[in-house]
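Please read these numbers as outputs of a predicted model, since none were measured by experiment. Convention: sequence-line order gives letters A, B, ...; per-chain numbering from 1.
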2 protein chains.
Amino acid sequence: MAVSKAHEFEKDEIKLAELAKALSHPARIAILKKLAKDNVCICGDLVSDLPLAQSTVSQHLKELKRVGLIHGEIEGPKSSYCINPETISQLSGLIDKLFKVFDSCCPPTKPITIKKGK
Amino acid sequence: MAVSKAHEFEKDEIKLAELAKALSHPARIAILKKLAKDNVCICGDLVSDLPLAQSTVSQHLKELKRVGLIHGEIEGPKSSYCINPETISQLSGLIDKLFKVFDSCCPPTKPITIKKGK
DNA sequence: TTATATTATCGTATATTTACGATAAACGAT
DNA sequence: ATCGTTTATCGTAAATATACGATAATATAA
């Protein structure tokens, strides 16, 4: 990155960027989906699901944990991970806020309700 | 990245990851917000808004353009950019889909409705 | 205590990202 | 045609990210 200037931006922008970065790899999205479906899941299951080496999966888990999207507990030789609903909720809020800005710009895209206005 | 294995994942995961990566820098979020507010905006305005060199801003714009989140037209010596609602809408859809998966896992976070437990 | 299984970490190689200054390109104005 | 303004691209440097194999760590099972 070289000389990150992240501190020059708004707090929300920085946080959203950080969370978006966590979602910026298909493996991490797949991990989150798997964790969501299974509610709790041990690392080994993820490794056999993904086309990646065990150490790589572990790295992705670490990153997801770092930003708070999941937490993991080491129980014995196995580690079980699960979604952290709080951060998911935070992400949801930040995304909603961003998309509200988009609505102000472009015609609203989703539930098409007729809007008066120029 | 080294030996990207993106092709081993689902199409939606890859696309969402790509769009999330575009959002993974505060400058690009700031650019999108500015474009949304101003509807259309020339590069120079963005440069003076952001704590980054002109060439760096241009790079970020290029990346946003590459993934289709904005389009830009070169009119004369100035370039004007604007949001591409189609890709915004696509992103919105992919995010909604992902968050639906989360709802299935964790207690729903937003409109708190009492649910009978398992 | 000694295996066995599972996961984290280390070391390493390579690709990508981010940033800047310098330069090129493109158009409008003179 | 030349100048000035604006933007894109090039070259480059440094930080991150991604991936793997090898190894260390840890708890369970024997």
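For the OP1/OP2 pair of D:dA8 and a distance below 4.0 Å, the side-chain nitrogens and oxygens of B:Y81 include at least one atom meeting the criterion. Put simply, B:H60 has no side-chain N or O that comes within less than 4.0 Å of OP1 or OP2 on C:dT17. Listed pair B:K62 / D:dT7 fails the phosphate criterion, with no side-chain N or O lying under 4.0 Å from OP1 or OP2. For the OP1/OP2 pair of C:dC20 and a distance below 4.0 Å, the side-chain nitrogens and oxygens of B:T56 include at least one atom meeting the criterion.
Of the listed nucleotides (C:dA8, C:dC20, C:dT18), C:dT18 has the atom at the smallest distance from the side chain of B:R28. Of all nucleotides listed (D:dG21, C:dA8, D:dT7), C:dA8 comes nearest to the side chain of A:C43. Picking from C:dT9, D:dA19, D:dA8 the nucleotide with the shortest atom distance to the side chain of B:S58 gives D:dA8.
Residue B:L50 contributes atom CG, which lies 15 Å from atom C1' of D:dT7 at whole-angstrom precision. As rounded to whole Å, 15 Å separates atom C1' of D:dA17 from atom CD of A:E18. Rounded to a whole Å, the NZ atom of A:K78 is 13 Å from the P atom of C:dA8. If you measure from atom NZ of B:K21 to atom P of D:dA17, you get 11 Å, rounded to the nearest angstrom. B:K65 places its NZ atom 7 Å from the P atom of D:dA8, with the value rounded to the nearest Å. B:L23 has its CG atom 16 Å from the C1' atom of C:dT17, to the nearest Å. A straight line from CD1 of A:I70 to P of C:dT7 spans 13 Å, rounded to a whole angstrom. Atom CZ of A:R66 and atom C1' of D:dT16 are 11 Å apart (whole Å).
If you chain together hydrophobic residues whose side chains sit under 4.5 Å apart, B:F9 and A:I29 fall into the same group.
Annotation: side chain to side chain donor-acceptor pair (under 3.5 Å) contacts of B:D12 (sequence neighbours excluded): B:K97. The side-chain contact (heavy atoms from CB on, under 4.5 Å) check on B:D49 picks up B:K34, with sequence neighbours excluded.
A:S79 comes within 4.0 angstrom of sugar-phosphate atoms only, judged by non-hydrogen atoms across all strands, and of no base. Nucleic acid contact class of B:Q59 (heavy atoms, under 4.0 Å, all strands): base.
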### Task
Report, as a single string ordered 5' to 3', how protein heavy atoms within less than 4.0 Å touch nucleotides 23-30 of chain D: B base, S sugar-phosphate only, - not at all.
---BS---
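Between B:A27 and A:S80, the one whose closest nucleotide on DNA chain C sits nearer the 5' end is A:S80.
With contacts defined as side-chain heavy-atom distances shorter than 4.5 Å, the pair A:E73/A:S79 does not qualify. Side-chain atoms of A:F99 and B:I95, non-hydrogen and from C-beta on, do get closer than 4.5 Å to each other. When side chains are defined from C-beta on, A:T56 does not count as touching A:L50, because their heavy atoms never get closer than 4.5 Å.
Salt bridge annotation for B:E18-B:K21: absent, with no cationic side-chain nitrogen under 4.0 angstrom from a carboxylate oxygen.
If you take NZ on B:K65 and OH on B:Y81, they are separated by 5.0 Å, rounding to the nearest 0.5 Å.
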